[in-house]
2 protein chains.
Amino acid sequence: MAAKQFVQDYEDQRRDELIKATYYEVAEKGYSAVTLQDIAKRAGVSKGSTLYYFATKEDLFLGALEWMVEQVHTRIVNTIATVEGPVEKMKAVIRTIFANAQDSRQFFLAYTDFISIGTRNKRFHDLNAKFYDGCCGHDREIIQAGIESGVFRNVDIEDASTMVRALVDGMMLQWFFSSQGTFDDYRRRCERIVLDYLTGGTVTENAETTA
Amino acid sequence: MAAKQFVQDYEDQRRDELIKATYYEVAEKGYSAVTLQDIAKRAGVSKGSTLYYFATKEDLFLGALEWMVEQVHTRIVNTIATVEGPVEKMKAVIRTIFANAQDSRQFFLAYTDFISIGTRNKRFHDLNAKFYDGCCGHDREIIQAGIESGVFRNVDIEDASTMVRALVDGMMLQWFFSSQGTFDDYRRRCERIVLDYLTGGTVTENAETTA
DNA sequence: AGTATAAATCTGACCGGTCGGTCAACAGAG
DNA sequence: CTCTGTTGACCGACCGGTCAGATTTATACT
């Protein structure tokens, strides 16, 4: 039983390595451009092994995606917990999402590649829903708390939630494309716009704690 | 000379057909998934002909893109001219961009595929800039006019402009992915959020003229 | 007008190369 | 020896791009 457990752990670890390798390769080059060879090389195994652990390239890719979603989710939850109040919590969410995008370089590139694979893919759709609800779902309760405590104006919660998500997405897209203006410029502007919208302009610009 | 002119026109027309064929194919399947064969078939010519008029597949694709950008730009300019006042003009811009996305089905799909091709491509970057400045650049003057006339609150114009663009982008992305809620729902919500932001909530919901 | 000649246009078989996926053979732990 | 895990040569399919030759159109000449 102990041996069996060891094998299980070993296999899990291998899968993990392959998933991470896939993620980083795709983040750098995009789904179509990455070959199984690339993934195998980065993971330090042969091409044959990649398909020993995963059925297809797509399977490997979706695994990598799930891993990423999980990771971002965890980061957001942790970051929110470190600050107090709706304004700071909202800032924290935005900061985390932006930071993640910066870390994984071409986070969005990978994301946009899903589309090419086909939006009809059920697993992809579910993953997308999980991403939105899991990673961005926190904004709704933060907004709710903000309204109840009177910090945010009485805006429609569904509108506000949509606004935050769409704005973050859109601004990252712009940052990705335009490459004019620093990353921090975009993040700061994003925070400002969101809070401006939520408070109606009553929040004065805080001193930035640029970590 | 007349014959020469005819030949010129004929060639232009052929190029036009190929460009449109490319556009629709890519809009349906995405750049990578589309083959020269597909494009040729839709245009009613042979594969060889596509590369007789265009040097490479990428060239063909960028031509299609330019065509699209031009088209959207024209539509926006025309639509803005038909209405009066910052609020209505802003609505018109949003409506046109949304309508265009709906028309060409997977407008964004094509767009996201550029990224895979490589953001280092100069022509792509220029096109992107042209798209933003040409198609979305009108928002800045509309916002300016709105602030001056007192219809919009005194918000930072750069923030406001960024907000509108990012929100439209982001919401279209969400519409594209989630496929829950009708297209009109998204468009209407987008208009509401933008105007809510710009006016600070002083504009009451107008009766919709859903065309 | 009719014919010959030249030029423009078009075609699809073909080439070189790539990639996802297969599989027979191999390795090493138990 | 066996069984799990690993390998990389190999396969079939595909795709962008080429090109020699067919086809159509324009031009020159009688």
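Labels below follow one simple rule: chain letters A, B, ... track the order of the sequence lines, proteins then strands, and each chain is numbered from 1.
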Can you name the salt bridge (charged side-chain N to carboxylate O under 4.0 Å, His left out) partners of B:Asp185, sequence neighbours left out?
none
How long is the line joining NZ of A:Lys57 and P of C:dC19, in whole Å?
8 Å
Find the distance A:Leu18:CG to D:dG5:C1' and express it as a whole number of Å.
13 Å
Atom NZ of B:Lys29 and atom P of D:dC14 are separated, to the nearest Å, by 14 Å
Rounded to whole Å, CG of A:Leu51 lies from P of D:dC11 at a distance of 18 Å
For B:Tyr186 together with B:Phe98, are the ring centres under 6.0 Å from each other?
no
Separation of D:dT18 C1' from B:Leu36 CG (nearest whole Å):
12 Å
Could you state the atom-to-atom distance from CG of A:Asp38 to C1' of C:dT18 in whole Å?
12 Å
All salt bridge (charged side-chain N to carboxylate O under 4.0 Å, His left out) counterparts of B:Asp16, not counting sequence neighbours
B:Lys20
Using the salt bridge (Lys or Arg N to Asp or Glu O under 4.0 Å) rule, collect all pairs that involve residues 60-69 of chain B, keeping only residues at least two apart or in two chains.
B:Glu66-B:Arg123
Integer-rounded Å distance: D:dG16 P and B:Phe61 CZ
13 Å
What pairs with B:Ala160 under side-chain contact (heavy atoms from CB on, under 4.5 Å), at least two apart in sequence or on another chain?
B:Ile143, B:Val155, B:Tyr197, B:Leu198
Qualifying residues under side-chain hydrogen bond (donor to acceptor under 3.5 Å, both in side chains), relative to B:Thr79, sequence neighbours excluded:
B:Thr96
Quick one: B:Gln37 CD to D:dA13 P, roughly how many Å, whole number?
17 Å
Contact state string [nucleotides 10-15 of chain C, B base, S sugar-phosphate only, - no protein heavy atom under 4.0 Å]
SBB---
